[in-house]
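Whatever order the structure lists them in is the order used to number ligands and atoms, beginning at 1. Counting from 1, the numbers follow the sequence of the chain as shown.
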Amino acid sequence: MTDAANLDELFPRRHERPLGSVIGGSLSSGLSVRLDPGFTLEKLAVGRYVVAQGRESGRHFFGIITDIALDSTNPELAHHPPDFGDEFTAEVYRGQVAYGTVHVSPMLMLDPDDETPRPVKTIPGHFSAIYEASAQDVERVFGPEDETHFFLGTPLEMDQVQVNLDLPRFVERSSGIFGKSGTGKSFITRTLLAGIIKSGLASTLIFDMHNDYGWAVKDESGREYKGLRQLFPDGRVRVVTLDEDTSRARKSKIDRVLKIGYQQIEPEDVEMLSGLLGLSDVQTGALYFLRRHLGPDWIAKLLDEAQGSDEIADLLDSGRIVAGTLGAIQRKFEFFRRMGFIVPGQGDDAVDEIFLSLSKGTSVVLEFGTYGNTLASYVLVANYLTRRIHERYVHQKNMAAGAQADEPRPLTIVIEEAHKFLDPAIAGHTIFGNIARELRKYNVTLLIVDQRPSGIDDEVMSQIGTRVTCLLDNEADIRAVFSGVSGAGALKEVLARLDTRQQALILGHAVPMPVVVRTRDYDESFYAAVGLAEGKELKARAEKGKDTLFGD
Ligand SMILES: Nc1ncnc2c1ncn2[C@@H]1O[C@H](COP(=O)(O)OP(=O)(O)O)[C@@H](O)[C@H]1O
Ligand SMILES: [Mg+2]
């Protein structure tokens, strides 16, 4: 052991100064680490990423700091602290009798000869050294950035180091972006979507409630950011709008306007709105009856926009529906008249066209314009399209199973205010609940964006593979984000202490261990990195073919 080179091999990190050493703990409750007096505890923070080196095995343990505390060897100290101004005594106590401890949740371990870290099944022994993680440690766990590993942010206090998300795993199951309002959910979502679109791993259908994704996105100070249609001007992203006037006023490039015909709306579409329109159970039940008796033009007839008063009078006379119920439905259906994207007649073939785009790998941003302010219109349209597109995916998937069609491209559907679609009372029988539960059976998964995850059905939450969570301060919301995650207790502390903006805890399917990041800036350098290509360069790329889109 006198040979210096030999020592380096045994303790490759020994040239670095450890943060401290393990003095106790357990696998389930985490490690207590006594801080080296040379380290000031005030500079640490929960969420920081650390590595322990097992004393005997040489095994590395990766973990995160989940709590920070003060301790002392002498209980008397609490009763007789050194006088203010007595720096000498304070200095003597500090580090010897009085010291700092941090609590570390170990997550992964890596044996000296192993390539990939595995979940921890043991802990480092007494007095094992704990280090701040290095760039190599982070890369060893999260992998280098490449076509399928997408750089989403940097670990706390490590600006130059990338945390890369495993994109194939991210889109393989439904995922969620959570956090209070204003914490950066839309920015993270847009960043991630750019990564998914660039990778070509899945098409995305984005129900864009607040004009956050398609074109020229404005923040609250009026600053403008590029939307996905601008980042990918080569046709990989199409914008469909419900509100042509607003889209045009914003100078958004649009590819088509979506109109839904009265005749295309089915009772199932309206049932999703029963809560929002205030339809009682009896009224909701009557919708099916009315559709059967009045035929495809049922809504126009009820709104008195089509010939049908005789039929309605007959229904009332026969006593099969009472006037009160009918009147209430007619009143509540006035909603359709106010929604400019709902038009008399048959509407158009938007569903088929959108399905075709998606199944071929093109992403679609559905801009709501001013209709995004009406929750009922958001819920109506998201349900309307998703039900029909999912149906076509199921069909095509079944055809593919019989070798009669190509597999449809995997599809990720993005919804905001997700709890409105997935609340426990309705998640059991809505299309979004089904998609979350059937996993990726039909190549369709969800990306849900929500500020109130406690409003989402538990069973659905437990199916959410990857969770990217910004600051949440409501106890119930924090609990919901961790539902189905073992050993989440300590992480709750981390989540409750994130910055109010642009910081997130990532956990689940697409990362080997939970990690706190400062999310990547969405700016010019990001545009360049995802390959915003215009003019000549775009043409050159198009000629070289799709494979080169990843290049440089
Ligand atoms: N990655 C980022 N890059 C640049 N600015 C960001 C980023 N994340 C958040 N911000 C800033 O924070 C604000 C709120 O983010 P936003 O995504 O709109 O929050 P949320 O969707 O959670 O309400 C944005 O308008 C922007 O100014
Ligand atoms: Mg938002």
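- In this model, no donor atom of one side chain and acceptor atom of the other lie less than 3.5 Å apart for T386 and N383.
- Here the rule is ring pair (Phe, Tyr, Trp, His ring centres under 6.0 Å) with Y225, and of Y527, F187, F526 only F187 fits it.
- Between the side chain of R388 and the backbone N or O of Y384, at least one donor-acceptor pair lies under 3.5 Å.
- Contact annotation: the side chain of L258 approaches that of L385 to within less than 4.5 Å [non-hydrogen atoms, C-beta and beyond].
- The shortest distance between side-chain heavy atoms of D423 and D457 does not fall below 4.5 Å.
- Counting only N and O atoms by type, the side chains of E367 and S252 include a donor and acceptor under 3.5 Å apart.
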May I have the step-by-step check of side chain to side chain contact (heavy atoms under 4.5 Å, CB included) for F421 and V379, ending in yes or no? CA-CA 7 Å; F421 299 87; V379 171; 4.0 Å; yes
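- Judged by distance alone, with hydrogens and angles left aside, the side-chain atoms of Y49 form no donor-acceptor pair with the main-chain N or O of M158 at under 3.5 Å.
- The set of protein atoms (N, O or S) found at less than 2.8 Å from the Mg ion (ligand 2) reads S186 OG, by chain and number.
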Step by step, would you call H390 with E438 a side chain to side chain contact (heavy atoms under 4.5 Å, CB included)? CA-CA 12 Å; H390 181 256; E438 72 197 15; 2.5 Å; yes
Inventory of protein N or O atoms under 3.5 Å from ligand 1 N or O:
unit_1: ligand 1; atom_1: 1 (N); unit_2: Q502; atom_2: NE2; d: 3.2
unit_1: ligand 1; atom_1: 1 (N); unit_2: R520; atom_2: O; d: 2.8
unit_1: ligand 1; atom_1: 3 (N); unit_2: Y522; atom_2: N; d: 3.0
unit_1: ligand 1; atom_1: 12 (O); unit_2: R501; atom_2: NE; d: 3.2
unit_1: ligand 1; atom_1: 17 (O); unit_2: K185; atom_2: N; d: 3.4
unit_1: ligand 1; atom_1: 17 (O); unit_2: S186; atom_2: N; d: 3.0
unit_1: ligand 1; atom_1: 17 (O); unit_2: F187; atom_2: N; d: 2.9
unit_1: ligand 1; atom_1: 19 (O); unit_2: G184; atom_2: N; d: 3.0
unit_1: ligand 1; atom_1: 21 (O); unit_2: S186; atom_2: N; d: 3.0
unit_1: ligand 1; atom_1: 21 (O); unit_2: S186; atom_2: OG; d: 2.8
unit_1: ligand 1; atom_1: 22 (O); unit_2: G182; atom_2: N; d: 3.4
unit_1: ligand 1; atom_1: 22 (O); unit_2: T183; atom_2: N; d: 3.3
unit_1: ligand 1; atom_1: 22 (O); unit_2: G184; atom_2: N; d: 3.1
unit_1: ligand 1; atom_1: 22 (O); unit_2: K185; atom_2: N; d: 2.9
unit_1: ligand 1; atom_1: 22 (O); unit_2: K185; atom_2: NZ; d: 2.8
unit_1: ligand 1; atom_1: 23 (O); unit_2: G182; atom_2: N; d: 2.6
unit_1: ligand 1; atom_1: 25 (O); unit_2: E220; atom_2: OE1; d: 2.8
unit_1: ligand 1; atom_1: 27 (O); unit_2: D219; atom_2: OD2; d: 3.2

